[in-house]
Amino acid sequence: MGRAGHYNRPLARPEEVHIAIRVMKFGGSSVADAEKIRNVARRIAGAREQGDDVVAVLSAMGKTTDGLVALADEISSTPAPREMDMLLSTGERVSCALMAMALHDLGHDAASFTGSQAGIVTDTAHTKAKIIEINPERLLSELGSGHIVLVAGFQGMSTDRNVTTLGRGGSDTTAVALAAALDAQVCEIYTDVTGVFTADPRIEPGARKLPLVSHEEMLEMAASGSKVLALRSVEVARLHDVPLHVRSTFAPDEGTWITKETPMMERAFVSGIAHKSDEAKISLLGVEDQPGVAATVFTALADSLINVDTIIQNVGVDGRADLSFTVPLPDLRKALDVIEGMGDRLPHRETISDDQIGKVSLVGEGMRSNPGIAATMFRVLASEGINIQMIDTSTIRITVVIARDEVERAVRALHEAFDLASEAERRGV
Ligand code: ASP
Ligand code: MG
């Protein structure tokens, strides 16, 4: 009979046997061709054979999603978002069906499910939907029958019963949200890198894999340009306290654990350096210094779905102030159009923009209790002759806006100055 558990799992297992649920997410490069799919199938089978209940979330094969987007572009310059979602959601379904077949050949019971079948309910914002709730009964009953469950990532069904997708990179979010809903022991993110690094190893060859970072550090890193995990997935992990393990698909080694803050982290001042190279800056000069101006500008930009980042406004002089902020480079044109469209509603002297900027961010729990880090960072940049255009901080992050062609040099100099290579080693790599 069913175990009287949290989710009423219909398990024909003794009460005392604790079966762990393991969510394993594989990215597009991990399932890029038939051979890779068979390789991942062996990995999933191995987890099942260890006795865990396995839910695998898959991305679309290789660059499938890019290919589908390009195909839509060939057909129409204004594809309906609803139809984009019907189109894009197919990629991950292909991966899941093929993976089920590969697992069958290995002698396992496996079944694939769309996001909708998996009980993932989203809002109605096509191509960038948010998960509202997950009804895990169907998956739990499949697990209860001993099946390996394969879920198509990056998709769900909206409250008005249309297929939706969660935005690029959304399979990470599917995996973490399912792990939360299923009360899984861990959400493993299998990818083509071996973990989260102290900096991008393509820029800093001395970058080291971090054994452990906190949810909050990862959140700051993802927001500051680290591409290992989709930002939303880290938000969900932090909110529901889901332990993440980012690791390689192609090697057995431990990767990076992402969990709640641990005491060990207090020893390191800086955990990692993140950077962004595709940013632009807009400055509104001589803006009338009166209540409501910032509200008007940023409401208009938000209404156009432009993600404004670092914002600074200087002290007003003679009733006028300068207001600068950054936007993602691809949104620069749109942002300038929005500002121009505001006309008299935004009384200011001049708008200028710079499409040649980048950002470098230091992230670390250790910053909470070590006030000198910003000063050291600025000194290092000064000694490199790098000019800081804007500064933005949180309790565990310092970000500088600098010229794009100085970003890589800044990353290397800071990695060296904060001794991140040996710092990571000391922390147990
Ligand atoms: N296939 C989707 C993308 O390429 C979702 C994902 O892989 O996470 O963005
Ligand atoms: Mg990804």
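Because the structure is a prediction, the values reported are computed rather than measured. Indexing begins at 1, ligand by ligand and atom by atom, following the structure's order.
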How about [X] and [Y]: does a side-chain donor come under 3.5 Å of a side-chain acceptor?
X      : Y      : result
His126 : Glu83  : no
Lys334 : Ser304 : no
Thr164 : Asp85  : no

Could a heavy atom of [X] be found less than 4.0 Å from some atom of ligand 1?
X      : result
Gly153 : no
Glu92  : yes
Gly28  : no

Min N/O separation Gly167 to ligand 1 under 3.5 Å: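 In fact, backbone or side chain, Gly167 has no N or O that close.
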Protein heavy-atom partner closest to [atom] - residue, atom, separation in Å:
atom                   : result
atom 1 (N) of ligand 1 : Thr65 OG1, 2.7 Å
atom 7 (O) of ligand 1 : Ser59 OG, 3.0 Å
atom 3 (C) of ligand 1 : Arg168 NE, 3.3 Å

Identified side-chain contact (heavy atoms from CB on, under 4.5 Å) counterpart of Phe154 within the set Asp172, Thr173, Leu88: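 Only match with Phe154 under side-chain contact (heavy atoms from CB on, under 4.5 Å): Leu88.
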Proximal ligand 1 atoms for Gly169, defined as those under 4.0 Å from one of its heavy atoms: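 Listed by number with element, the hits are 3 (C), 5 (C), 6 (C), 8 (O), 9 (O).
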Atoms of ligand 1 close to Ser171 [distance to a heavy atom under 4.0 angstrom, numbered from 1]: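 Once the distances to Ser171 are compared, the set is 5 (C), 6 (C), 7 (O), 8 (O).
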Set of side chain to side chain contact (heavy atoms under 4.5 Å, CB included) partners for Met157, sequence neighbours left out: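 Partners of Met157 by the side chain to side chain contact (heavy atoms under 4.5 Å, CB included) criterion, ordered by chain and then number, come out as Ser116, Arg161.
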Side chain to side chain contact (heavy atoms under 4.5 Å, CB included) partners of Lys227, counting only residues at least two apart: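 Applying side chain to side chain contact (heavy atoms under 4.5 Å, CB included) to Lys227 gives none.
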Residues Arg42, Glu35; criterion salt bridge (charged side-chain N to carboxylate O under 4.0 Å, His left out); working and verdict: CA-CA 11 Å; Arg42 283 190 291 272; Glu35 186 44 45; 3.8 Å; yes
